[in-house]
Amino acid sequence: MASSGGIMACLLGGRVGDPPGTILELLGLGAGLAASSGRQLQVAVAGGVTEEEAMRLGDHGAEVVYLAETNAADVDDAASLAAALKAAAEEARPAVILLGHTPLGQDVGVRLGFSLSAATVTDAVKVEMRDGRPLITKPVYGGNALATFAPRGEAVVITVRAGAGTAPEAMAGREPELIRVSAENPAAHVRLVDRVREEGEEVRLEEARFVVSGGRGMGGPEGFEALRQLARLLKGAVGASRPPVDAGWFPSTAQVGITGRIVSPEVYMAVAISGSSQHLSGMGDSRVIVAVNKDPEAYIFKVSDFGVVGEWQQVVPAFTARLRELMEG
Amino acid sequence: MSELNMLVCVKQVPDPEGPPSAFEVDREARRVIPKGIPPVLSPFDENALEAAIRLKEEHGGSVTLLSVGSGLSRAVMLKALASGADRLVLLDDPACDREKLDAQATAAVLAAAVRSLGGFDLILTGRQAADTNAGQVGLGLAEMLGIPAVPFARKVEVKGAGIRVESVLPDGYAVYEAELPALVTVSHEVGDLRYPSLMAIKQAKSLPVEELTLTGLGVDPASETRLELVSLVPPSRERRCRLVEADSPEEAGARLAELLREEKIL
Ligand SMILES: Cc1cc2nc3c(=O)[nH]c(=O)nc-3n(C[C@H](O)[C@H](O)[C@H](O)COP(=O)(O)OP(=O)(O)OC[C@H]3O[C@@H](n4cnc5c(N)ncnc54)[C@H](O)[C@@H]3O)c2cc1C
Ligand SMILES: Nc1ncnc2c1ncn2[C@@H]1O[C@H](COP(=O)(O)O)[C@@H](O)[C@H]1O
């Protein structure tokens with residue numbers, strides 16, 4: 001029905017597409033929005049997702065599945081993905097379109113929003129319905145303020161930060177309706193010629209239960225070896241604030257913060273990091289935050305649960321050694 | 001490749017490196033009041049400008065700066081101009097206050113300005129502005145102008161009749177080739193904006209500055225706006241920190257391990 005205005009969760013396939021958890025989180029979030037406003041929960045998939053994979057999303061609450069196709073040569077091409085999703089949105093006329101806030105999701109989401117002339121919000125940390133109207137909250141000013149927006153017009157496109165939704169329980173046996181749509185591939189004025197993988201960390205930062213990050217005060221690449229030892233002991237991952245990345249001490253793929261990875265582990269340990277808003281914006285939702293900093297006035301202590309004032313060169317090795325004793329003992 | 005006619009879109013923002021206390025949130029007025037921090041160019045826009053200046057150095061051409069806002073600081077713009085740009089175009093209007101313009105309205109105003117200025121081969125923007133943290137205006141502008149866009153550039157080069165762009169990905173980067181005209185959003189990996197010499201700052205004062213108006217462009221930002229800001233609040237991020245104290249930093253480290261074990265946190 002043209003005016004019903006459903007909630008549409010989008011899944012981007014392809015090589016750099018969404019991590020598997022993303023669509024489930026979006027469906028969890030979407031189910032809540034749909035239920036609280038009596039709307040239909042829809043899924044749109046694009047970028048080489050198979051029909052079988054798409055139909056399985058019925059187990060997670062999808063009532064209708066739009067399988068959107070283009071004849072793009074590159075399955076990760078953002079313009080083609082946006083064109084495919086636009087075709088699905090024109091067919092379904094959703095009130096809310098949700099994508100994961102990944103680099104590709106942001107790229108596709110913004111193109112989609114503008115091509116629909118729709119309100120668009122990126123990096124949402126909260127989406128809710130109030131009086132039938134979507135309200136979207138996101139950090140602004142590097143996390144120094146939280147803004148809540150309401151859309152004007154028929155639709156809103158939202159890229160949602162990981163952790164803003166909860167994956168729904170699977171409830172097998174629901175068969176969603178399948179609708180195929182296709183879009184003309186936009187003229188390829190941009191051509192993908194190569195994809196280069198850079199060496200990353202062994203454990204994916206977003207999935208680690210323990211993350212220890214080093215900041216400018218690590219003083220050089222050697223410092224990160226001490227953090228690696230600690231992370232290995234706890235089967236966790238090592239991250240960094242931006243200065244070590246800019247200085248080439250640590251891979252850029254491990255930058256935590258508003259322009260890097262967004263993590264919320266059980267325990268986040270910030271070593272020689274001052275606690276800028278841009279960094280906090282990427283780890284502030286961690287369950288427990290532990291800080292090691294030589295400056296007792298460092299802002300990081302205000303936003304931590306545990307702290308030690310001291311030089312990391314002394315504190316961290318002693319911490320790791322004692323922890324190892326306790327874990328082995 | 002003939003000379004590149006480039007446009008860099010730059011936004012003025014309160015210095016994002018300012019301490020959290022510098023960002024006072026006025027809930028009533030729904031705006032952030034900067035306390036004791038100066039306006040600066042949004043950092044990724046500086047990177048975009050640096051990318052443009054390097055392309056100009058290598059291939060010739062020109063760099064135009066375009067900024068839309070309300071109460072723009074001339075000192076900030078002059079410094080940007082002095083870094084190696086050729087001319088400055090400003091649209092300074094209370095209706096373009098940063099709390100009033102959403103991404104759609106901003107892109108609509110910029111698109112109108114680009115159409116009136118005409119003839120750019122390459123448009124560069126920051127990957128996202130430090131106040132909105134949105135990452136929308138660049139891609140949106142490209143959509144409105146109907147030109148191809150490549151996001152998150154860590155490197156921009158001329159290749160043949162077009163450009164080659166390395167685009168940052170979570171686990172590395174992708175390499176794209178695009179035809180011109182095109183728009184590229186720039187990430188900090190491109191490199192920091194050079195410092196202008198005092199001499200250059202003096203000379204920049206004689207470079208052309210053009211003023212555009214909304215009526216002249218025939219665009220009304222209010223009618224383009226798609227988002228209503230319903231509330232603005234400070235984040236609730238402060239926690240109560242238990243500081244572990246001991247006679248030496250080593251002991252404090254060891255004690256921290258014990259405490260986190262006792263509390264079943266690790
Ligand atoms: C648009 C924009 C986006 C940004 N995005 C990000 C982002 O995604 N992630 C990010 O992290 N930053 C980001 N930044 C940068 C951010 O503003 C800060 O500059 C950065 O987070 C500071 O990193 P830091 O805490 O490591 O360094 P500093 O602020 O320099 O702090 C270093 C700390 O180390 C301590 N220290 C020094 N020596 C020792 C020692 N021996 N032992 C213990 N402590 C020691 C010092 O007391 C100090 O507190 C961004 C900035 C902008 C403008
Ligand atoms: N008012 C403005 N004037 C000029 N350029 C702008 C303006 N707003 C945004 N931009 C450009 O668009 C980029 C992305 O902005 P945003 O979508 O707000 O994150 C910025 O980095 C600038 O390059």
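Chain naming here is simple, since letters A, B, ... match the order of the sequence lines and numbering starts at 1 in each.
Partner of M269(A) under the side-chain contact (heavy atoms from CB on, under 4.5 Å) criterion, chosen from L256(B), L260(B), L266(B): L256(B). The residue from R237(B), R240(B), R239(B) that alone fulfils the salt bridge (charged side-chain N to carboxylate O under 4.0 Å, His left out) condition with D305(A) is R239(B). With respect to V244(B), the side-chain contact (heavy atoms from CB on, under 4.5 Å) criterion is satisfied by exactly one of V308(A), V315(A), V292(A), V290(A): V308(A).
At a 4.5 Å heavy-atom cutoff, A79(A) makes no contact with chain B through either its backbone or its side chain. Residue R27(B): no heavy atom, backbone or side chain, is found under 4.5 Å from chain A. Within the 4.5 angstrom heavy-atom criterion, atoms from both the backbone and the side chain of V190(A) approach chain B. Only the side chain of Q278(A) comes within contact range of chain B, judged by heavy atoms closer than 4.5 Å. Heavy atoms of T159(A) lying under 4.5 Å from chain B are absent altogether. Heavy-atom distances place both the backbone and the side chain of S117(A) under 4.5 Å from chain B. Using a 4.5 Å cut-off between heavy atoms, L234(A) touches chain B through its side chain atoms alone. Residue contact with chain A, scored on non-hydrogen atoms closer than 4.5 Å, involves the backbone and the side chain of Y173(B) alike. At a 4.5 Å heavy-atom cutoff, A321(A) makes no contact with chain B through either its backbone or its side chain. When heavy atoms are compared at a cutoff of 4.5 Å, L259(B) approaches chain A solely by way of its side chain, counted from C-beta outward. In this structure, the portion of Y299(A) lying under 4.5 Å from any heavy atom of chain B is its side chain and not its backbone. For L323(A), the parts sitting under 4.5 Å from any heavy atom of chain B are the backbone and the side chain alike. In this structure, chain B has heavy atoms under 4.5 Å from both the backbone and the side chain of I289(A). At a 4.5 Å heavy-atom cutoff, R209(A) makes no contact with chain B through either its backbone or its side chain. Heavy atoms of D285(A) lying under 4.5 Å from chain B belong exclusively to its backbone. With a threshold of 4.5 angstrom between heavy atoms, V193(A) approaches chain B through its backbone and through its side chain. Residue P19(B): no heavy atom, backbone or side chain, is found under 4.5 Å from chain A. In this structure, no portion of S276(A) lies under 4.5 Å from any heavy atom of chain B. For T185(B), no part sits under 4.5 Å from any heavy atom of chain A, backbone or side chain. Of the two parts of E258(B), the backbone and the side chain both hold a non-hydrogen atom closer than 4.5 Å to a non-hydrogen atom of chain A. For R98(B), the part lying near chain A is the side chain, with the backbone staying farther off; criterion is any non-hydrogen pair under 4.5 Å.
Within the 4.5 Å cutoff, no side-chain heavy atoms of E262(B) are placed close to those of L326(A). Side chains of V32(B) and V140(A) form no contact here, defined as non-hydrogen atoms less than 4.5 Å apart. A 4.5 Å side-chain heavy-atom check between P139(A) and P235(B) finds every atom pair outside the cut-off. Taking the side chain as every heavy atom from C-beta outward, T120(A) and Q104(B) approach each other to under 4.5 Å. In this structure, R261(A) and P170(B) have side chains that are in contact, with non-hydrogen atoms separated by less than 4.5 Å.
Looking at Q106(A), its side chain does come within 3.5 Å of a backbone N or O of A134(B) through a donor-acceptor pair. A donor-acceptor pair under 3.5 Å is absent between the side-chain atoms of E189(B) and the main chain of S252(A), judged by distance alone.
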- Message: Run R127(B) and D107(A) through salt bridge (Lys or Arg N to Asp or Glu O under 4.0 Å) and show every step you take.
- Response: CA-CA 10 Å; R127(B) 64 178 280 183; D107(A) 192 358; over 6 Å; no
- Would you check, one step at a time, whether the test side-chain contact (heavy atoms from CB on, under 4.5 Å) holds for D102(B) with F149(A)? CA-CA 10 Å; D102(B) 71 353; F149(A) 296 101; over 6 Å; no
- Test log, rule side-chain contact (heavy atoms from CB on, under 4.5 Å), inputs T148(A) and R30(B): CA-CA 10 Å; T148(A) 300; R30(B) 276 172 264 152; over 6 Å; no
- Task: Give the intermediate values and the outcome of side-chain contact (heavy atoms from CB on, under 4.5 Å) for residues L112(A) and E143(B).
- Result: CA-CA 9 Å; L112(A) 175 63; E143(B) 181 77 32; over 6 Å; no
- Message: Checking T259(A) against F44(B) for the side-chain contact (heavy atoms from CB on, under 4.5 Å) test, could you report, in this order, the C-alpha distance in whole Å, the side-chain angles of both residues, the deciding distance, and whether it holds?
- Response: CA-CA 11 Å; T259(A) 42; F44(B) 296 120; 3.5 Å; yes
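Here L139(B) is the residue among L139(B), V168(B), V13(B) with the most heavy-atom pairs under 4.5 Å with chain A. Ranking A129(B), A182(B), P20(B) against chain A, the residue ahead of the rest is P20(B), based on heavy-atom pairs under 4.5 Å. Most heavy-atom pairs under 4.5 Å with chain B: of the set G310(A), G142(A), P317(A), this distinction falls to G142(A). The most heavy-atom pairs under 4.5 Å with chain B, out of R242(A), K294(A), M327(A), come from R242(A). Between chain A and the residues A103(B), A149(B), A107(B), the most heavy-atom pairs under 4.5 angstrom are made by A149(B). When each of A252(B), A178(B), G140(B) is scored by its heavy-atom pairs under 4.5 Å with chain A, the top score falls to G140(B). Between chain A and the residues V25(B), L169(B), I147(B), D192(B), the largest count of heavy-atom pairs under 4.5 Å involves L169(B). When T320(A), D246(A), V316(A) are compared by the number of non-hydrogen pairs under 4.5 Å with chain B, D246(A) comes out ahead. Between chain A and the options G18(B), G135(B), A22(B), P234(B), the largest number of non-hydrogen pairs under 4.5 Å is found for G135(B).
R191(A) CZ to R164(B) CZ: the interatomic distance, rounded to the nearest 0.5 Å, is 11.5 Å. Taking CG of L180(B) as the reference point, atom NE2 of H189(A) lies at 11.5 Å (rounded to 0.5 Å). To the nearest 0.5 Å, the span separating CG on N144(A) from CD on E24(B) amounts to 12.0 Å. One finds the CZ atom of R322(A) at 9.5 Å from the CZ atom of R255(B) (value rounded to the nearest 0.5 Å). Here E154(A) contributes atom CD and R226(B) contributes atom CZ; the two are 11.0 Å apart, rounded to the nearest 0.5 Å. How far OG1 of T132(B) is from OH of Y141(A): 9.0 Å, rounded to the nearest 0.5 Å.
Closest of all the heavy-atom pairs between V110(A) and Q136(B) is CG1-O, 3.6 Å. In this structure, A222(B) and R152(A) approach most closely via the heavy-atom pair O-NH1, 4.3 Å.
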